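Everything quoted here is computed from the prediction, not taken from an experiment. A, B, ... follow the sequence lines: proteins, then strands. Residue 1 opens every chain.
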Protein chains: 2
Amino acid sequence: MQISSRFTLAVHILTCIAVIKDTKVTSNFLASSTNTNPVIVRKILGQLKNVGLVEVVRGTGGAFLAKPPEEISFLDIYKAVECVERGELFHFHENPNEKCPIGRNIHNVLDDKLEQVQRAMERELASISMADVQGEITKCINIQGK
Amino acid sequence: MQISSRFTLAVHILTCIAVIKDTKVTSNFLASSTNTNPVIVRKILGQLKNVGLVEVVRGTGGAFLAKPPEEISFLDIYKAVECVERGELFHFHENPNEKCPIGRNIHNVLDDKLEQVQRAMERELASISMADVQGEITKCINIQGK
DNA sequence: TTTGTTGTAACTATTATTATTACAATTAAA
DNA sequence: TTTAATTGTAATAATAATAGTTACAACAAA
């Protein structure tokens with residue numbers, strides 16, 4: 001299955017927080033921008049807060065980045081919103097048959113290779129930061145004339 | 001969500017077909033080795049057959065590789081079992097708000113980066129073949145004494 | 001005190017995964 | 001020709017995750 005839209009949602013949310021300065025960025029505002037629901041936004045904000053990426057203001061509302069955008073990588077965000085169980089990208093079929101020579105050894109042979117693929121993906125996620133997104137989207141917005 | 005166990009199942013199935021020579025590899029045999037169900041095995045075999053990775057013998061039963069194992073990459077297998085919709089690893093949240101400057105531009109900025117991550121993962125999948133698995137598992141089996 | 005907000009629980013609808021039963025079509029062997 | 005084993009596929013179900021929604025207590029500023 002695809003990686004949950006929680007990830008792109010989280011990036012969208014962080015982008016709003018990083019870029020928008022003239023409005024208070026509330027969960028209602030974010031729900032409107034992302035075309036989702038304030039509760040979903042608040043859940044994701046909670047996850048981002050739990051790993052120290054944002055701070056959220058209770059009562060009065062709004063949120064801001066807890067770190068400079070160049071220190072927030074896509075990997076941080078991906079891990080925060082828990083798109084995969086136990087951090088494992090691949091779901092291995094359960095309990096292959098130990099009585100079969102293949103079933104007995106398939107984990108020995110496959111586990112490393114799956115990890116290798118996952119690491120390649122995570123390395124790429126780690127190489128992209130919110131600073132990249134902030135820079136590019138600011139350029140887009142400026143071209144469109146404020 | 002994690003990538004469906006159809007992928008590891010398919011690799012397990014192909015490994016059995018590649019390695020086991022003294023028994024007819026039927027869907028019942030494969031269901032026992034993988035600890036799943038003959039129908040699930042047959043569905044996956046059907047998908048592998050559709051993209052020309054295996055040939056399946058109707059009536060009498062059994063299956064064999066349609067290509068040498070070094071020409072069957074993990075990427076071929078991954079694509080065959082359709083673990084993600086439309087071939088896209090990431091599920092983008094639907095219809096971000098065009099009236100918001102971030103909602104209007106988030107696709108422009110994110111799409112390329114998501115594709116970059118996906119390509120890194122697929123490049124790694126493409127670098128691993130069934131020949132690697134066959135070689136390593138044969139070694140494991142030999143060490144264990146036939 | 002009022003207002004707007006966050007955090008969270010509870011619930012729903014939809015969808016994908018995985019498993020299962022059932023059976024027609026196929027093939028080889030008895 | 002019949003029997004037995006097998007594939008291909010439809011239909012169904014259980015489980016779990018996703019994504020959405022309503023409701024409301026706790027909170028903080030005006």
Does B:His91 put a side-chain nitrogen or oxygen below 4.0 Å from OP1 or OP2 of D:dA19?
yes
Roughly how far, to the nearest 0.5 Å, is [atom2] of [Y] from [atom1] of [X]?
X: A:Leu89; Y: A:Leu114; atom1: CG; atom2: CG; answer: 8.5 Å
X: A:Leu65; Y: A:Gln134; atom1: CG; atom2: CD; answer: 7.5 Å
X: B:Glu98; Y: B:Ile106; atom1: CD; atom2: CD1; answer: 12.0 Å
X: B:Ile102; Y: A:Leu14; atom1: CD1; atom2: CG; answer: 11.5 Å
X: B:Phe74; Y: B:Leu125; atom1: CZ; atom2: CG; answer: 8.0 Å
X: A:His107; Y: B:His12; atom1: NE2; atom2: NE2; answer: 10.0 Å

Contacts to DNA chain C from residues 36-53 of chain A, heavy-atom cutoff under 4.0 Å, which residues?
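Those residues are A:Val39, A:Arg42, A:Lys49.
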Please report, rounded to the nearest Å, how far the [atom2] atom of [N] is from the [atom1] atom of [X].
X: A:Phe29; N: C:dT6; atom1: CZ; atom2: P; result: 12 Å
X: B:Arg86; N: C:dT15; atom1: CZ; atom2: C1'; result: 14 Å
X: A:Glu94; N: D:dA16; atom1: CD; atom2: P; result: 12 Å
X: B:Glu55; N: D:dG8; atom1: CD; atom2: P; result: 12 Å
X: B:Asn28; N: D:dT7; atom1: CG; atom2: P; result: 7 Å

List in numerical order all residues of residues 1-20 of chain B for which some heavy atom is under 4.0 Å away from an atom belonging to DNA chain D.
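DNA chain D contact set from residues 1-20 of chain B: B:Met1.
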Tell me which residues in residues 57-66 of chain B put a heavy atom below 4.0 Å from DNA chain D, sorted by number, or none.
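Within residues 57-66 of chain B, the residues near DNA chain D are B:Val57, B:Arg58, B:Gly59, B:Thr60, B:Gly61, B:Gly62.
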Indicate yes or no: does A:Arg6 engage A:Glu82 in a salt bridge with an N to O separation below 4.0 Å.
no
For the pair B:Glu136 and A:Lys113, find out whether any cationic side-chain nitrogen is under 4.0 Å from an anionic carboxylate oxygen.
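Result for this pair is yes, salt bridge flagged.
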If we ignore angles and hydrogens, is there a donor and acceptor under 3.5 Å between the side chains of B:Gln118 and B:Glu88?
no
Would you say the side-chain atoms of A:Ser127 pair up with the backbone N or O of A:Glu124, donor to acceptor, closer than 3.5 Å?
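At least one qualifying donor-acceptor pair exists.
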Would the distance check show the side chain of B:Lys24 and the main-chain N or O of B:Lys21 forming a donor-acceptor pair, the cut-off being under 3.5 Å?
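Side chain of B:Lys24 to backbone of B:Lys21, a donor-acceptor pair under 3.5 Å: no, none is there.
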